[in-house]
Amino acid sequence: MVYLYAFLVGGLLCAIGQLLIDFTKLTPARILVSYVVAGCILGGLGWYKPIIDTAGAGATVPLTGFGYLLADGVKTQIGETGFSGVITGGLTAAAGGISAAMLFAFLFALFFRSKPK
């Protein structure tokens, strides 16, 4: 059942993004930022954790999951270090994902060259 829930939740998030691209004038970049902000808000309110518990990777892999990770890291750091956790918490929690993204972007830039259209 976990695979089904992951597929449904991840698919729903993707379908919403596709509908926003097709039927609004929002650019993909604005939609991506909106997903991260929505994940932060839902994570800060404590509403995203039950979705993650139900859907697993279907909720953590999309950009809303990254927003949740940032919000959860901030909440955790505030509890441990106080107000400075507002600045350090999100980066501490997401450091692995950010580092992996930068590493893979660098590697792909070494081996592939972009071409003008």
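Just so it is clear, the values below take in all heavy atoms, side chains as well, and ignore hydrogens, waters and symmetry mates.
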Out of curiosity, [X] [atom1] to [Y] [atom2], how far, rounded to the nearest 0.5 Å?
{"X": "Leu8", "Y": "Thr54", "atom1": "CG", "atom2": "OG1", "value": "11.5 Å"}
{"X": "Ile16", "Y": "Ile31", "atom1": "CD1", "atom2": "CD1", "value": "11.5 Å"}
{"X": "Tyr68", "Y": "Ile41", "atom1": "OH", "atom2": "CD1", "value": "15.5 Å"}
{"X": "Leu20", "Y": "Leu26", "atom1": "CG", "atom2": "CG", "value": "6.0 Å"}
{"X": "Leu12", "Y": "Ile51", "atom1": "CG", "atom2": "CD1", "value": "9.5 Å"}
{"X": "Leu45", "Y": "Cys40", "atom1": "CG", "atom2": "SG", "value": "11.0 Å"}

Do [X] and [Y] share a hydrophobic cluster (ILVMFWY, side-chain heavy atoms under 4.5 Å, transitive)?
{"X": "Trp47", "Y": "Leu63", "answer": "yes"}
{"X": "Phe23", "Y": "Ile21", "answer": "no"}
{"X": "Leu70", "Y": "Ile98", "answer": "yes"}
{"X": "Leu91", "Y": "Val86", "answer": "no"}
{"X": "Tyr48", "Y": "Val9", "answer": "yes"}

**Report entry** Derivation of the side chain to side chain contact (heavy atoms under 4.5 Å, CB included) call for Leu13 and Thr64
**Finding:** CA-CA 9 Å; Leu13 290 170; Thr64 50; 3.5 Å; yes

Locate the shortest heavy-atom distance separating [X] from [Y]; write the atom from each residue and the value.
{"X": "Gly73", "Y": "Ala93", "result": "CA-CB, 3.6 Å"}
{"X": "Pro50", "Y": "Gly46", "result": "CD-O, 3.5 Å"}
{"X": "Gly44", "Y": "Ala71", "result": "N-CB, 3.8 Å"}

Query raised in the report: Is it true that a side-chain atom of Tyr35 and a backbone atom of Gly17 form a donor plus acceptor pair closer than 3.5 Å?
Result: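 Yes, because the side chain of Tyr35 sits within donor-acceptor range (under 3.5 Å) of the backbone of Gly17.
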
Report task. Would you check if the side chain of Lys49 reaches a backbone N or O of Asp72 as a donor-acceptor pair within less than 3.5 Å? Result -> no

Query - Sole residue of Thr27, Val33, Leu32 in side-chain contact (heavy atoms from CB on, under 4.5 Å) with Arg30 - result: Thr27

